[in-house]
Each structure stands twice: as structure tokens, then as C-alpha cells.
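Data first, discussion second: the structure below is written as C-alpha cells.
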Amino acid sequence: MNYEEVMKLALERGFYFPSCEVYSDANAGFWEYGPSGVGLKNKFLELWRRELIRRDGMMEIDGSQIMSKSVFEASGHLGNFADPIIKCTKCNSTFRADRTIAEIANIEIPESADLDEFDYAIKENKIQCPKCKGDFSSTKKFNMMFKVGIGPQEEEAYLRPETCQSIFVDFPRLFKTMRGKLPLGIAQVGKSFRNEIAPRQSLLRLREFYQAEIEVFCNPNRLNEVEKFTEIENTIIRVQTDAEPVTMTCKEALESGTVPNKFVAYYLGILTEFYEKTGIDVTKSRFRKLGDKEKAFYAEVAFDFEVETTIGWLELVACNYRSDYDLSSHANKSKEKFEVMDNDEKVLPHVFEISMGIDRSLYTILEHSLKNDEEHERMVLSLKPYLSPVHVGILSLVKKDGLKEKTDEIFLNIKRKFDAFLDHSGAIGRRYRRLDEIGAPFAITVDHQTLEDNTVTIRKRDSMEQSRVDISKIDSILLESVAFP
RNA sequence: GCAGUUAUAGUACAGUCUGGUUAGUACUCGUGCUUGCCAAGUACGUGACCCGGGUUCAAAUCCCGGUAACUGCACCA
């Protein structure tokens, strides 16, 4: 299904919708999750915890969203997370100063250069607006971080532009108190904030968005000593270094040198296995190796995990080998020690990061799962049962003759164990269709026979097949069917 | 941020050009009846002109300004 169909479903069925929509000054780039969206998100994160955090023995933290100025001085975000921009005084178009100068005058000025340098180059080369030939204003820095003022003095602090900085600054304490041993994965789920110039396409480019980030701290001298590698050596991944993605096993990726070491290959493998279990079609995925110009300022090697959707390739996860960039920066700035012992060796750990965009992942799951079943004239959201916001609909065939009471009784017995949805009203077919659209894998219907022999029918979402089971079996059937893999 | 397009119920659309009665339709949603396993029928009901200003006796409709969404460009650590 395409973006429009997913959007319609999201609005009609409570997956997500614009923030503050009743007010006309609502800003672009902010969206909220409704009940169905929260259900899906929570279950997605539970799967993430199972498949990555627990599988690899990582620890999870929950840090502050507002962080002090020093953090971002050290991380480089105050210096580098800003683009030099110039604005045309005539038509108001905004351009990147470095790129415009490179394009027109063929002069390369690094983006981190002094602003004077850009102004000088623009003046010397008489560079004008490519659109209207107007003159440019002087160069300014546009920083994508939101600044906030703390306390009555409004002291300078920032909303985090990525969740991982808490992981870096917390690393010394966590390693000491939680009996850390390299390699050590530390994870965090939470919101990040970026003042995007042009937010677009609902969940796909937000100003306030969810990330699930993992930072794996490792000994850079032991990147090929990964025992767990055998678990994923035959897992198939798709890697793109040139024009087209190539399908290969993790072992082949390692041996061909496509992926630099066992350590990175292992995480690309378990990440792919995770996404396969979300129901995203991983044959439409790729790890795209980024060139030097595309990489973030802190990354040494970078792979973007991208998935093909109806609106093109979508970046869901950034995998960056950040080396010791972050820990040494924070060590220098804070004067704290970040080295740790790895057996007898004292090392400043390197970091491999798996930075997942949750909102984009949820969109992709919805797009890949939503099907138009033309034969039965219905939309079906074929979510994996363990990701569905509603596990089971509990329906009475009709309200009268005591069926309602019997249905209520069944609902009462299972509503704390499963995400169950009770519905008595309207035609039975309509109620099935509604459940199909929010991805409920099962519907249990109470009919007249139920009153005689204590059996109900269970309907499966995808096949629409029904079977009769004893009420006493409902628990165990559901337990097995909606369990995480 | 630039350009173009658009903005009417939960959703999709009509009406706007040519200002004028109670803003219409479909689906959805709620209640009743009916039926009794896949969006049926039937009756009733809830629900909307993006925001602000201007023109006018009168503005959903015309004008100006904002905001948002879509498309393209630019941007995307």
C-alpha cells in the first residue's frame, strides 16, 4: 500500500495524527500516536528488547532529554551540527554557503570554517543567488538543536538531538557499578529533537521523534574476537557498496571485506533478524555503505539500513563506527577518566552505534503490512500477531438471548492477559472488518451453540477461516499464537 | 526556506468561478428494529466551511496576511 492509504488508516483508526490540530498555530513536524499507534510502538519496542538488548546481554538506561551545554560542546554538536547558510536578500531563498560557493566558484571551503571565510569568498567571486541573481546576506550558522533556558537565569541548555549522549556520559558510572565487561552494549529508547528546516511526510521527518539507540563499547584491538558470530554467520543480509545491493551471508560479507570486522558483521546480522521479525520485507532492504561526504562528523565507517517503500528508500537505522570520538571528547572536556580495563589491557573503548528511527520503522511496518484484499472487499493490516495493538476481538453474534452476558464473561476472563477488544454492536461482518484494519489477528465469536456446549468460534484475520474451540482452550491458544518469537 | 497546488464532519468528495433560505452526498460513527458468521436492510440521530483581518446590507464563496498538508527544489547530524 502507498503513503496515502497508510495515512488514511492512521487517521481513521488512531495510529497517528497531527499534534495540537485544534489550534491554528500548530507547528509542522509534530505528530502524536493514538491508541493503536501506542500499542504497535510498545510491542515493537518489546521485540527490539528481546531481539537485541536481551539477546546480546545489553543494559538499558533512560536519560534526560534536556542536557547541559558542555555535553554538546564536547560531542561536537554545537560546532558541527550546524550548517553555514546564506540567504538571498531579494527572493529569500536559503542555501548552504559551502555548497553554493563550491558549485559556482569551484572553491572548497570546509563547512566548519570561520563564517568570514564564506563571506570573503562570496564577495571576491561576486557570487549571486542562482535563482534570481540577488545579493546574499552575510553567512550565518543554523544549528538544528533546540535551545532551552534553565531556571530563572535561563541558563543555556539543549534538547538532545540524539539520545546517545547520555549513554556516553553515563558510561564510566555504568561500567563501574554494573560490573561492565567489554564488549558492553548500552541502550536507550526516547525522544530526540531537531529543528528540521523542512519537516515532511508525517512520521518520516519529525522535529520531535523517537530513537532506539544502542552503543556497543568494545576493545578496538579485539574486533574479530566475537564468539557469537557463529549465531549469525549464515544470516542473509543485503549490502550496497556500489550501484546495486548484493545479497550475501554475514560470513561472506566479512570474508569479502565488504564489512570491516566480525564485530560489525555480527550486529548487522542480528539487526536484520530483528527487522525480519517485525514483518518488514527484508528482501527490500539494504545496508548502504556511506561515502566520506555522507557520513556524520563522528563516524569512521557507516552503514545506513534502508528499506524500500512506495515513497522510495527510507533510512530506518544508522550504523556508525564512532571509534573513540565520543569518549575521548567527553574525557577531555570533563576531565573524567573513561578508560576501562579489558582483561589486563587498559583501553579507551571504541563505539559501534545502532541508531534506530522508531517512527520511520513503524511507518514501514504499516506500509508493508497493509493489504487490500479485493476478493473480500476489505483492507487487512497483516501485522505479526505479537505486534498487533489488539490481539483478539471478543464479539457476540447477537446481543440478545443471553449471548451478550456470555461474551462479557469471556472478555472479563482474558482482558488482563491479552489485548482484547469487546464489541457487541452492529453487523458481525462489519466488526470483523474493523478488527482487520487494526491488525487484530483473531476474533472470538459467541453464538447460540456457545450456550449449549461452551464452545466459541475463532476467526483468523488473514485467511478468514473459523474453527470451533472450547472456551477453556482460549487462553492456551492465544498464549501460543500471540507469543513473541 | 523557495515555487506550485490545496484546505468544507472521523474519512472521501460536491458547493466557491457568478457572495444571498436550514451547506449536500457517500462511507464511517451512535441508538432502535430486523437478520443471525463476513462492510446487507430499515428508521432515527451525532458531526464540518483552517486561523486572523478587510470589502459588503450580507462572506464557506471576493481581497490581504498567517498556518498546515501535498508535489518539486534545497536541506536531512
Side-chain angles (χ1 to χ4, degrees), chain A residues 3-5 7-14 17-31 34 72 75-83 85-88 90-96 99-100 103 111 129-132 134 142-145 160-162 164-165 192 194-202 204-207 211 290 294-299 302 304 311 315 318 320 322 353 355 357 373 375-379 395-401 403 425-437 443 445-449 456-459 461 464-466 468:
Chain A
Y3 178 82
E4 271 183 21
E5 300 277 1
M7 194 66 219
K8 189 176 175 204
L9 177 82
L11 292 172
E12 280 190 325
R13 297 292 176 209
F17 46 86
S19 175
C20 310
E21 59 181 338
V22 300
Y23 286 108
S24 61
D25 64 347
N27 291 112
F30 300 92
W31 290 71
F72 300 111
S75 73
H77 284 89
L78 273 171
N80 293 318
F81 201 60
D83 296 329
I85 54 165
I86 44 177
K87 206 170 185 179
C88 172
K90 205 166 137 194
C91 71
N92 247 355
S93 296
T94 311
F95 298 90
R96 281 275 296 255
R99 296 196 188 180
T100 310
E103 235 165 68
E111 57 173 301
C129 174
K131 277 190 184 162
C132 73
F142 175 72
N143 197 300
M144 305 237 306
M145 283 195 295
R160 61 186 181 190
E162 52 179 9
C164 61
Q165 292 305 324
S192 291
R194 295 179 192 176
N195 198 1
E196 293 285 350
I197 296 169
R200 275 291 159 85
Q201 291 169 317
S202 58
L204 305 185
R205 187 170 315 145
L206 294 159
R207 287 189 165 128
Q211 289 186 302
L290 300 189
E294 282 184 291
K295 283 188 302 194
F297 60 86
Y298 45 69
D304 275 354
I311 47 175
E315 180 195 335
N320 296 306
R322 298 173 74 125
E353 163 184 80
S355 171
D373 179 358
E375 190 192 340
H376 300 105
E377 291 181 56
R378 59 174 190 155
M379 297 294 283
L395 317 175
S396 50
L397 187 59
V398 292
K399 263 185 270 189
K400 59 187 180 187
D401 304 333
L403 293 190
S425 72
I428 191 76
R430 183 187 301 281
R431 284 177 277 161
Y432 286 146
R433 293 299 194 277
R434 268 198 292 251
L435 289 166
D436 289 340
E437 287 189 16
T445 306
V446 171
D447 55 19
H448 290 96
Q449 194 182 328
V456 292
T457 60
I458 291 197
R459 169 192 183 265
R461 174 192 66 204
M464 297 170 74
E465 281 168 6
Q466 285 181 289
R468 274 208 99 78

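Chain identifiers are assigned alphabetically (A, B, ...) following the order of the sequence lines, protein sequences preceding nucleic acid strands; residue numbering begins at 1 within each chain.
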Checklist entry - Under 3.5 Å, is there an N or O donor on one side and an acceptor on the other linking the side chain of T457(A) and the base of rC37(B)? => result yes

Item to check | Identified pairing partner of rU67(B), criterion: Watson-Crick or G-U wobble below 3.5 Å | outcome: rA7(B)

Item to check | Whole-Å gap separating P (rC38(B)) and CG (D447(A)) | outcome: 13 Å

Checklist entry - Under 4.0 Å between a Lys/Arg side-chain N and an Asp/Glu carboxylate O for D436(A) and R459(A)? => result yes

Checklist entry - So does D447(A) pair up with R468(A), basic N to acidic O under 4.0 Å? => result yes

Checklist entry - Taking for each residue the nucleotide of RNA chain B bearing the nearest heavy atom, is the 5' side occupied by R433(A) or by K8(A)? => result K8(A)

Checklist entry - Side chain of Q466(A), base of rC37(B): donor and acceptor closer than 3.5 Å? => result yes

Checklist entry - Closest to the R205(A) side chain: rA39(B), rC37(B), rA74(B)? => result rA74(B)

Checklist entry - Given that both distances must come in under 3.5 Å, which nucleotide forms a Watson-Crick or G-U wobble pair with rG19(B)? => result none

Next on the checklist: When you measure only distances, ignoring hydrogens and angles, does the side chain of R200(A) come within 3.5 Å of the base of rC70(B) through a donor and an acceptor?
Outcome noted: no

Checklist entry - Any side-chain N or O of R434(A) less than 4.0 Å from the OP1 or OP2 oxygen of rU28(B)? => result no

Next on the checklist: Can you say whether a donor on the side chain of Y23(A) sits under 3.5 Å from an acceptor on the base of rC51(B), or the other way round?
Outcome noted: no

Item to check | Whole angstrom value for the distance that separates P of rA68(B) from CE of M7(A) | outcome: 15 Å

Item to check | Sugar-phosphate, base or nothing in reach of A198(A), heavy atoms under 4.0 Å | outcome: base

Checklist entry - So does S425(A) get a side-chain nitrogen or oxygen closer than 4.0 Å to the phosphate oxygens (OP1/OP2) of rU31(B)? => result yes

